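For reference, the structure discussed in these notes is given below.
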Amino acid sequence: MVDLSVKIGDVTLQNPIMPASGAFSWDYGDVIDLNRLGGLVAKTICREPRLGNPTPRMAETEAGIIQSIGLPGKGIDYFLENIVPEYNKWEPPLIVSVSADTAEDFAAMTRDLSVDGVDVIEVNISCPTKAPSGGNFAMHSEHTKEVMDGIRAATDKPVWAKLSPNAGDIVSIAVAAEEAGADALVLCNTFLSLKIRTDNFRPALGNKFGGLVSPALKPIVMRMVYQVAQECSIPVIGIGGVTKAEDVVEYMLAGASGVGIGYAGFRNPTALTTIIDDLDEWCDERGIKEISELIGAVRDDDIEWDPLVAASHGV
Amino acid sequence: MVDLSVKIGDVTLQNPIMPASGAFSWDYGDVIDLNRLGGLVAKTICREPRLGNPTPRMAETEAGIIQSIGLPGKGIDYFLENIVPEYNKWEPPLIVSVSADTAEDFAAMTRDLSVDGVDVIEVNISCPTKAPSGGNFAMHSEHTKEVMDGIRAATDKPVWAKLSPNAGDIVSIAVAAEEAGADALVLCNTFLSLKIRTDNFRPALGNKFGGLVSPALKPIVMRMVYQVAQECSIPVIGIGGVTKAEDVVEYMLAGASGVGIGYAGFRNPTALTTIIDDLDEWCDERGIKEISELIGAVRDDDIEWDPLVAASHGV
Amino acid sequence: MTDLTPEDKYSAKPIRIGEVDPHPDKPTGEFISIVVSNDYVNDEYLKMVVDVPDRALTAKAGQFYHLLCPTPDGAEVWMRRPMSIYRVDTGNKRLEFLYKKEGRGTQGMAMLEKGEEFNIVGPLGVGFWLEEGWKNIVVLGRGVGLATLAPLSQLAAEHNVGVTAILSARNPEVVMSRDLFEGLGANVIEVVDTDGSSDVDNVEKILEGLITDGKADAFFTCGSNRLLTLMKRLGKAHDIPGQVAMEQNMACGLGACYICMRTFEVDGEKTLRRVCRDGPCFNMQEAVGW
Amino acid sequence: MTDLTPEDKYSAKPIRIGEVDPHPDKPTGEFISIVVSNDYVNDEYLKMVVDVPDRALTAKAGQFYHLLCPTPDGAEVWMRRPMSIYRVDTGNKRLEFLYKKEGRGTQGMAMLEKGEEFNIVGPLGVGFWLEEGWKNIVVLGRGVGLATLAPLSQLAAEHNVGVTAILSARNPEVVMSRDLFEGLGANVIEVVDTDGSSDVDNVEKILEGLITDGKADAFFTCGSNRLLTLMKRLGKAHDIPGQVAMEQNMACGLGACYICMRTFEVDGEKTLRRVCRDGPCFNMQEAVGW
Ligand SMILES: Cc1cc2nc3c(=O)[nH]c(=O)nc-3n(C[C@H](O)[C@H](O)[C@H](O)COP(=O)(O)OP(=O)(O)OC[C@H]3O[C@@H](n4cnc5c(N)ncnc54)[C@H](O)[C@@H]3O)c2cc1C
Ligand SMILES: Cc1cc2nc3c(=O)[nH]c(=O)nc-3n(C[C@H](O)[C@H](O)[C@H](O)COP(=O)(O)OP(=O)(O)OC[C@H]3O[C@@H](n4cnc5c(N)ncnc54)[C@H](O)[C@@H]3O)c2cc1C
Ligand SMILES: Cc1cc2nc3c(=O)[nH]c(=O)nc-3n(C[C@H](O)[C@H](O)[C@H](O)COP(=O)(O)O)c2cc1C
Ligand SMILES: Cc1cc2nc3c(=O)[nH]c(=O)nc-3n(C[C@H](O)[C@H](O)[C@H](O)COP(=O)(O)O)c2cc1C
Ligand code: FES
Ligand code: FES
């Protein structure tokens, strides 16, 4: 028996597998047993009810989709009254995700969400289609610091900061979030993208821009997780392109303590629970007793840097 | 007959199709007729002979490859004496690509490369595995400005600045390059990435990090090309994920005046000339007489921004 | 190294025929169906028949399945494609889909051959419903909309409700589903473009006749904005309730992603609803045409 | 919309059998070959025979083709796989490859069936060469290295050069290429692990014997570092020239990308060379073993 549990700060997850915000809801309980997941992650909520972006909100690309949903929802009051109880019917910890347009409202919303039934507050400071200072704070370390300071002061709940792959220097932003008191870092949100249809010369999405979601992006996020895990001491959660147990292992080797999964659950609603099963088996076959051993276990301390030596080692 | 020619500043290309630096050499003349290409783009050259990075230099990923070559080469003297004449056996303009570790050497090398037989100098200020101020200047607008100022002062040849998709604010960097006098902007180099093998827990590349090359990335670069073309008035060349004529059309609609092609030429050495043929046919079928009509022709001025109206339009 | 299979790339535990169902009580499942046949019914439309595990047979009229189509061009079809249940054949434990070959997904679907596996998720969404007191309903559809409406004839038959089905098509050859409707006792009226009988004016006359004859306790439609607009207008004028099945492109199909939004008007106020979970079958008077 | 094919995703104009060759004088081409057979020769190795357009037949011993393998797992095989020419059959206009089923690429290759198309680029690289005055050469190979060495027997036969081929294998059953070497008049010596005859010591004795008998004007090897090291040592001691075919993973295969580097030692100085263009066949004394 493998111990799949991981600790993200003070929160213990029974396994490192979580859905990704916005790509999941309790509706998935129609297909799989949600009690098996490491955590339940709600769709990002905003203060006021929002319709979201114009349709089409999704289009297929070469290797995945671009999407632009626009954070639709019924607002925070409805969320607390109806959606939190819906998730609380299940056992895994509830991670709520929140977005706001100003640092003040971010803090206020975090405070308002700090209620029983909410275990973790994930702050989505990286909505790709928003301006750097209006919801996409994670594009700059100063904005990150500012918004995270307010958030930290507003709650005693664990706060996880979701960062943006569109930022140029992910490490400085991660460090800013850590210094402001984040309990964990979630890497990453989606890649700002554009698809233009060659049949009618129009953008494929109603919102013009959208976030690219594709298994192909995993190596980019893997690099970010690795870089951030080297510099920060709080846990990192890797999100991007996980479709199988080996992907979870790879993220953990790079330094992640857990993963989030979006696309794979669209393709196969049984993906998340299957990955948990496969992860268990993968560890078992290799005699790994505690999956947490894998965190940061990449073997990169004895790389052969002399090209003349390396290229004599064969294929 | 379609006129496929495009103007990049003062340089006229017979068609918008060029190879991408580092993914091409005159050796491709063993398979295709290089005289058909819009331009010939040489591998980035550095001042001194360099071995490059330790092997393995390439590994397959979910949807493409990561690679880290490390700019090997025989140095600028050998380049001028042997490689420029090799390319000059063919007719299309020669675009040489150059990299240096300091702004001073960048300027000096640009000067040294400003010889007969060289038509354009592409400055690779975006080598992904280098530090922001040591070859990867395009991570910051100030570094970009500084290095480009020196380069501009050093030559009268057309200078194309190759930018990095790893930068957070591509527009500010493009603007900096334009203000410093670049004649065109080349978007983009590769995405800094990491792959860790789950069989031996080691990085898949000898250099640990590498650049991701994948058709899947095209929507990200498309967004950058669009954003930059909106803000800058010098021509843009789109590079990333072009594998077919429609991809060229899409880049042009977004604002590009030409494209560079890497991966597709590895997969199919006949790709570049085939794309030229297909592009000709694509325009012909639609009655497009001059391909330059497509530049920036995306129809995005009458987007329906009201989600209630948009979502009543059907699928 | 053991041989690789597509299962090495994506993780899933779809339920297979004959296997123990780990979640027999859940409303929706990921299933491996086996293609029994997949043939053209005319130039553009195909009918696919698949063997399915038991739970997949719980699908109701108007519900849909979300289909993982194979690739026609080497690149993956990244998103599932929603497809209405055309027929649930509980006796043979089979499902049927009637579909039009359009883009990448349906072209991939058309490549599937007898004996091949086809991963399907469902049943999904809110189907059509029959209300107390409805004795006769009118079903009006065109093209692939008929695939969605066809199971209504079965539902109605089970509830002893009479059905008049008006099937609209370009020409008599492409009128589909006639057998399915007739087989379950529906009164079928064909209208076609070639003789002008499918004109809105003529269809309106037919509908008015049915209303006069007391054959129209409720209206059902799908697939044509022209026909929806007509039925909405007549329904409003004559106070006849109705339902319409709507379409929108989808990702999750389960209600989580908010990609599949369409506009509805409720008490004079416009709002967005999810086609996959709030529908695809909606109160016709609330649907906003396109 | 017309039906999609994989050609809609990637652009290429490979030359097909019977088509006019647009570049008859170019040394390398992208070709569509047609699989004639693709069978296991033992548990791990397969031999593929393909029909090819004329120009593809210009391949020489030691040169290779770059193969666009189909996917075994749904994801594309993103890079071509280099594979030596095992035999050029000019009479039947066929090429043969002998290959070991390893990872994704070769697993995909093993799936190809008679009649299927296989996109190949080549011939590529510097092959083996015979120098004036060589009357007898010794070829020493193991496993898949023999695929690379086999065409040497043909080249030697054409130049009236005698060949002694030492074929090393795990057990007598998996000794491959015996027929190919013998058919062209080579003297074949089998050494196997099961009776210890493949031990370096024994192979060294055999080589010493051949040197003494004047049968070793040049050495050729491929595929085993142990055997390369042995031949290098003996070659150096007895002043016998030699060639070795090297391997490295590749992208372009044409010399452009500098991915396929291996270390060589020339005049006491180490340097890197491209396997695809500077090789794959190199002066044995310059090759650095692994
Ligand atoms: C609830 C529901 C039931 C349906 N039932 C049927 C049916 O029984 N028979 C049938 O032929 N068709 C039906 N459709 C339409 C069917 O889903 C589309 O024809 C199909 O998705 C087209 O995919 P494609 O790849 O062939 O086309 P493409 O145009 O290449 O698809 C591109 C994208 O747009 C989406 N898309 C395109 N057209 C539609 C559409 N009309 N509805 C939703 N998404 C679309 C695709 O799913 C895909 O994501 C139904 C749609 C819905 C929503
Ligand atoms: C010039 C040359 C000639 C060759 N001739 C033959 C031959 O005739 N028969 C034969 O069985 N094999 C031959 N090989 C080796 C063959 O290329 C590899 O076995 C094959 O590439 C493995 O691919 P894979 O996807 O099955 O394995 P994987 O391990 O999944 O491949 C992963 C990556 O590593 C590369 N790679 C792995 N092993 C090798 C290798 N030994 N050499 C080069 N690249 C490698 C692959 O091309 C791919 O890019 C030759 C190699 C070279 C360079
Ligand atoms: C339809 C959709 C909606 C999303 N909505 C949100 C959201 O509301 N909040 C958020 O933080 N991320 C959102 N994301 C991003 C995902 O949480 C995740 O970061 C991304 O999908 C990458 O993971 P994947 O490769 O496993 O899909 C959304 C993604 C998708 C596809
Ligand atoms: C093997 C390889 C080597 C490369 N070397 C260089 C280089 O020397 N200089 C440079 O500016 N870009 C280099 N690039 C980046 C390409 O020019 C190009 O930006 C990238 O491959 C994206 O285009 P693609 O998607 O068409 O491959 C290299 C790419 C590859 C794959
Ligand atoms: S498709 Fe996801 S909510 Fe409807
Ligand atoms: S594979 Fe590109 S240089 Fe050898």
Side-chain angles (χ1 to χ4, degrees), chain A residues 51-56 61-64 66 70 132 139-140 166-169 191-198 200-203 206-210 212 214-220 222-223 226 241 243 246 249-250 253-254 282 297-300 303-311 313 315, chain B residues 51-56 61-64 66 70 132 139-140 166-169 191-198 200-203 206-210 212 214-220 222-223 226 241 243 246 249-250 253-254 282 297-300 303-311 313 315:
Chain A
L51 287 170
N53 288 334
T55 55
T61 62
E62 282 62 27
I66 51 170
M139 287 298 285
H140 291 296
N166 303 303
D169 182 359
F191 291 72
L192 189 61
S193 294
L194 174 67
K195 174 182 175 175
I196 302 172
R197 293 170 52 160
T198 53
N200 63 12
F201 290 17
R202 292 185 177 279
N207 186 52
K208 187 151 73 178
F209 298 117
L212 181 64
S214 163
L217 303 169
K218 194 189 65 182
I220 308 179
M222 194 66 63
R223 180 264 300 178
Y226 174 91
T243 66
E246 281 79 7
V249 173
E250 192 180 352
L253 293 174
W282 193 94
V298 57
R299 292 178 57 193
D300 59 354
I303 288 184
E304 176 54 64
W305 288 108
D306 181 345
L308 290 168
V309 177
H313 284 157
V315 185
Chain B
L51 287 169
N53 288 334
T55 54
T61 63
E62 282 62 26
I66 50 171
M139 287 298 286
H140 291 296
N166 302 303
D169 182 0
F191 290 72
L192 189 62
S193 294
L194 175 67
K195 173 181 175 177
I196 302 173
R197 294 171 52 160
T198 53
N200 63 11
F201 290 18
R202 293 184 177 280
N207 187 51
K208 186 152 74 179
F209 298 116
L212 182 64
S214 163
L217 302 169
K218 193 189 65 183
I220 308 179
M222 195 66 64
R223 180 264 300 177
Y226 175 90
T243 66
E246 280 81 5
V249 173
E250 191 181 352
L253 293 174
W282 192 93
V298 56
R299 293 179 55 194
D300 59 354
I303 287 184
E304 176 53 64
W305 288 109
D306 181 346
L308 291 167
V309 177
H313 284 157
V315 184

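The model shown is predicted, which means the values in this text are computed figures rather than measured ones. The chains referred to below are lettered A, B, ... by the order of the sequence lines, with proteins before strands, and numbering in each begins at 1.
- Highest contact tally toward chain A, considering only B:Glu304, B:Met222, B:Arg197, B:Lys208, is held by B:Lys208 [criterion: heavy-atom pairs under 4.5 Å].
- Residues B:Ala216 and A:Leu212 share a closest heavy-atom pair of O-CD2, 3.4 Å.
- Rounding to the nearest 0.5 Å gives a distance of 8.0 Å between CZ of A:Arg202 and CD1 of B:Ile303.
- Of the inter-residue distances, the one linking A:Arg299 atom CZ with B:Asn200 atom CG reads 7.0 Å to the nearest 0.5 angstrom.
- The greatest number of non-hydrogen atom pairs below 4.5 Å with chain A, out of B:Gly168, B:Ala310, B:Pro54, B:Pro219, is found for B:Pro219.
- When all heavy atoms of B:Ala311 and A:Thr55 are compared, the pair lying nearest together is CA-OG1, 3.2 Å.
- Your options are B:Leu194, B:Leu51, B:Thr61, B:Leu253, and the one with the most heavy-atom pairs under 4.5 Å with chain A is B:Leu194.
- When heavy atoms are compared at a cutoff of 4.5 Å, B:Ala167 approaches chain A solely by way of its backbone atoms N, CA, C and O.
- The aromatic rings of B:Phe201 and A:Trp282 sit parallel to each other, their planes meeting at less than 30°, with 60° as the upper class boundary.
- The candidate from B:Val309, B:Val298, B:Val249, B:Asp306 with the greatest count of non-hydrogen atom pairs under 4.5 Å with chain A is B:Val298.
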Step-by-step side-chain contact (heavy atoms from CB on, under 4.5 Å) determination, A:Lys195 to B:Glu250: CA-CA 8 Å; A:Lys195 174 182 175 175; B:Glu250 191 181 352; 3.9 Å; yes
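- With values rounded to the nearest 0.5 angstrom, A:Trp305 atom CH2 is found 5.0 Å from B:Asn207 atom CG.
- Most heavy-atom pairs under 4.5 Å with chain B: of the set A:Pro203, A:Gly70, A:Gly210, this distinction falls to A:Pro203.
- Most heavy-atom pairs under 4.5 Å with chain B, from the set A:Ile196, A:Thr198, A:Ile66: that is A:Ile196.
- Counting heavy-atom pairs under 4.5 Å between each of B:Ser193, B:Ser214, B:Pro307 and chain A puts B:Ser193 at the top.
- The side chain to side chain donor-acceptor pair (under 3.5 Å) check on A:Thr243 picks up A:Asp247, with sequence neighbours excluded.
- Your options are B:Leu308, B:Asp300, B:Asp169, B:Val315, and the one with the most heavy-atom pairs under 4.5 Å with chain A is B:Asp300.
- Legend: residues meeting side chain to side chain contact (heavy atoms under 4.5 Å, CB included) with B:Asn166, ordered by chain and number and at least two apart, are A:Arg223, B:Pro128, B:Met139, B:Ser164, B:Phe191, B:Leu192.
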